[in-house]
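What follows is a set of notes on a single structure, which appears directly below.
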Amino acid sequence: MDGAHGSFKTIALTMAIPLAGLAIFFFWNWLHDGVTPKEAATEVVKVTTRQQARAVSAPASATTTTATNAEPLPEHPLKPLPAVRPRVSGGIVLIIDDLGFEGQPLERVMALDPNVNCSILPNSSRAAATAALLHSRGFELLCHLPMEPQGRERPGRDAVLTSMSDEEIERVTRLNVDAIPHARGVNNHMGSRATTDRRVMESVLRALPEGMYFIDSRTAGSSVAATISREMGVPTATRHVFLDDVQTEAFVRRQVAELAAVAEKKGVAIGIGHPHAVTLRVLEEELPALRARGLRLIRASEVVQ
């Protein structure tokens with residue numbers, strides 16, 4: 001009897017020690033975290049249950065991923081990045097400005113290359129007829145938007161002026177663009193004052209039809225036209241070389257050489273010229289040599305970003 005009683009006491013003592021330890025553990029947590037022993041015990045059960053549920057529902061392949069590498073999937077997939085235009089190598093954008101007047105040598109302009117870009121003054125006497133002819137021959141057209149210069153030169157009727165309100169600028173911009181049917185883009189005619197004015201450029205760009213680009217002719221070194229175009233999401237590019245500020249053969253030839261050098265260095269170069277006899281003559285002579293060097297004429301719409 002005494003042996004059996006001793007065995008019972010031993011078993012009871014063995015069970016009491018871990019129970020006492022557990023009670024002390026819960027009491028300690030309650031003192032430090034404000035959690036009652038009952039809440040702590042319940043939480044242990046909840047955690048265990050959640051772990052068991054995840055283990056049952058997880059696919060077999062999930063067991064190969066460690067907890068430190070696991071990341072929650074986003075609620076919505078990321079939008080794809082916009083397509084990036086492939087870089088053109090060895091391309092020259094040649095823009096012939098100031099088209100749209102009676103007696104201009106359009107046939108010589110068109111004979112230069114199928115990818116010559118033709119910029120027509122909307123306030124010229126034959127703007128619509130010139131646009132119709134060039135478009136029918138497959139040439140890319142620009143509206144040569146008249147804008148206010150710094151000096152006393154006159155940009156012509158319906159020019160964008162810094163004295164205009166935002167509404168007036170938008171109205172004359174739309175009027176000019178509408179005067180050139182089939183125009184894919186715009187470049188400024190004069191504009192050394194207007195293109196340096198942020199408010200003016202924002203109004204001009206706001207008025208452009210969706211998808212139309214803006215080439216900054218960069219008649220002023222402080223022009224903000226291209227910068228604001230990028231900020232507003234309007235495709236844009238900037239002129240590198242003027243071909244015929246001085247209308248002599250030596251000057252134009254030197255400028256064509258500079259245009260080719262920029263194209264070979266940067267991959268793309270934008271040059272602006274006019275339908276002067278000397279300009280056309282030099283281009284007729286130099287373009288075959290440029291093609292032999294691997295340089296080709298491309299359309300402005302291919303390079304705007």
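Reckoned from all heavy atoms, side chains included, excluding hydrogens, waters and symmetry mates.
Judged by distance alone, with hydrogens and angles left aside, the side-chain atoms of Ser223 form a donor-acceptor pair with the main-chain N or O of Ala225 at under 3.5 Å. Not a single donor-acceptor pair under 3.5 Å links the side chain of Asp244 to the backbone N or O of Val252. Put simply, the side chain of Arg299 gets close to the backbone of Pro114: a donor and an acceptor are under 3.5 Å apart. Judged by distance alone, the side chain of Gln104 and the main-chain N or O of Gly100 form a donor-acceptor pair under 3.5 Å. Formation of a donor-acceptor pair under 3.5 Å by the Asn115 side chain with backbone atoms of Leu297 is found in this model. Judged purely by atom type and a 3.5 angstrom limit, Asp158 has no side-chain atom pairing as donor or acceptor with the backbone of Leu175. Looking at Arg218, its side chain does come within 3.5 Å of a backbone N or O of Gly221 through a donor-acceptor pair.
Residues forming a ring pair (Phe, Tyr, Trp, His ring centres under 6.0 Å) with His240 (at least two apart in sequence, or on another chain): none. Judged as a side chain to side chain contact (heavy atoms under 4.5 Å, CB included), and not counting sequence neighbours, the contacts of Arg253 are Glu249, Val282, Glu285, Glu286. Under the rule for a side chain to side chain donor-acceptor pair (under 3.5 Å), the partners of Glu107 that lie at least two apart in sequence or sit in another chain are Arg137. Applying the side chain to side chain donor-acceptor pair (under 3.5 Å) test to Gln255 and every residue at least two apart in sequence or in another chain returns nothing. Partners of Arg230 according to the salt bridge (charged side-chain N to carboxylate O under 4.0 Å, His left out) rule, which considers only residues two or more places apart in sequence or in another chain, do not exist here. Qualifying side chain to side chain donor-acceptor pair (under 3.5 Å) partners for Thr162, counting only residues two or more places apart in sequence or in other chains: Glu148. Applying the salt bridge (charged side-chain N to carboxylate O under 4.0 Å, His left out) rule to Arg108 yields the partners Glu284; only residues at least two apart in sequence or on another chain are considered. In this structure Ser192 satisfies the side chain to side chain donor-acceptor pair (under 3.5 Å) test with no other residue, sequence neighbours excluded.
Annotation for Ala260 and Leu290: closest pair CB-CD2, 3.6 Å, computed over non-hydrogen atoms. Taking both residues in full, the closest heavy atoms of Ala179 and Pro181 are given as O-CD, 3.3 Å, listed atom of the first, atom of the second, then distance. Residues Ala300 and Asn117 share a closest heavy-atom pair of N-OD1, 2.9 Å. Pairing each heavy atom of Ala226 with each of Thr238, the nearest pair is CB-OG1, 3.4 Å. The shortest non-hydrogen separation linking Leu99 to Ser124 is O-OG, 3.8 Å. A pairwise comparison of heavy atoms in Arg157 and Pro146 identifies O-CG, 4.1 Å as the closest pair.
A salt bridge is absent between Arg254 and Glu258: the closest approach of a Lys/Arg side-chain nitrogen to an acidic carboxylate oxygen does not fall below 4.0 angstrom. A salt bridge is defined here as a Lys NZ or Arg NE, NH1 or NH2 lying under 4.0 Å from an Asp or Glu carboxylate O, and Arg171 with Glu167 fails to meet this definition.
Side-chain atoms of Thr195 and Asn188 form no donor-acceptor pair, as typed in the model, at a separation below 3.5 Å. A donor and an acceptor atom, one from each side chain of Gln247 and Thr279, are nowhere located under 3.5 Å apart. Side-chain N/O atoms of Asp216 and Asn187 include no donor and acceptor closer than 3.5 Å. Under the 3.5 Å distance criterion, with hydrogens and angles disregarded, a donor-acceptor pair is assigned to the side chains of Ser203 and Asp166. In this model, no donor atom of one side chain and acceptor atom of the other lie less than 3.5 Å apart for Asp97 and His189.
Residues Ser217 and Ile272 meet the side-chain proximity criterion, which asks for heavy atoms closer than 4.5 Å. Proximity of Thr236 to Ile215: side-chain heavy atoms (C-beta onward) are nowhere separated by under 4.5 Å. Using a 4.5 Å heavy-atom threshold, the side chains of Pro155 and Pro149 count as touching. Between Val278 and Thr248 there is no side-chain heavy-atom pair separated by less than 4.5 Å. At least one side-chain heavy atom of Asp245 sits less than 4.5 Å from a side-chain heavy atom of Phe251. By the 4.5 Å heavy-atom criterion applied to side chains, Leu133 and Thr130 are not counted as neighbours.
Alongside Phe101, the hydrophobic cluster contains Leu121 (criterion: ILVMFWY side chains under 4.5 Å). Through direct or indirect side-chain contacts shorter than 4.5 Å among Ile, Leu, Val, Met, Phe, Trp and Tyr, Met164 is connected to Leu145, Met147, Val160, Leu161, Ile169, Val172, Val177, Val186, Val200, Met201, Val204, Leu205, Leu208, Met212, Phe214, Val224, Ile228, Met232, Val234. In the hydrophobic clustering (ILVMFWY side chains linked at under 4.5 Å, chained through shared members), Met190 stands by itself.
For the ring pair (Phe, Tyr, Trp, His ring centres under 6.0 Å) condition, the pairs that include at least one residue of residues 118-139, sequence neighbours left out, are His135-His182.
For the atom pair CD1 of Ile96 and CG of Leu280, the computed distance is 6.5 Å after rounding to the nearest 0.5 Å. Note that OH of Tyr213 and CD of Gln305 are 13.5 Å apart. Values are rounded to the nearest 0.5 Å. Note that CG of Leu141 and CD1 of Ile120 are 5.0 Å apart. Values are rounded to the nearest 0.5 Å. The CD1 atom of Ile92 sits 5.0 Å away from atom CG of Leu295, with the distance rounded to the nearest 0.5 Å. In this structure, SG in Cys143 is found 5.5 Å from CD1 in Ile180, a value given to the nearest 0.5 Å. For the atom pair CD1 (Ile270) and CG (Leu94), the distance works out to 11.0 Å, reported to the nearest 0.5 Å.
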* To do: I would like to know whether Ser119 and Asp98 meet side chain to side chain contact (heavy atoms under 4.5 Å, CB included); could you show each step before the answer?
  => CA-CA 6 Å; Ser119 190; Asp98 291 357; over 6 Å; no

* Passes side chain to side chain contact (heavy atoms under 4.5 Å, CB included), Ser301 versus Glu140? Steps please. -> CA-CA 8 Å; Ser301 56; Glu140 183 155 311; 2.8 Å; yes

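Following chains of ILVMFWY side-chain contacts shorter than 4.5 Å, one cannot reach Leu287 starting from Ile95, and the two form parts of different hydrophobic clusters. Cluster membership check: Val93 shares its hydrophobic cluster with Phe242, using side-chain heavy-atom separations under 4.5 Å among Ile, Leu, Val, Met, Phe, Trp and Tyr. Hydrophobic clustering (ILVMFWY, side-chain heavy atoms < 4.5 Å, transitive): Leu243 and Val116 are in one cluster. When hydrophobic clusters are built by joining Ile, Leu, Val, Met, Phe, Trp and Tyr residues whose side-chain heavy atoms come closer than 4.5 Å, directly or via intermediates, Leu259 is grouped together with Leu112.
Counted within 6.0 Å of CZ on Arg291, heavy atoms from surrounding residues, nucleotides or ligands total more than 12; the atom is thus considered enclosed.
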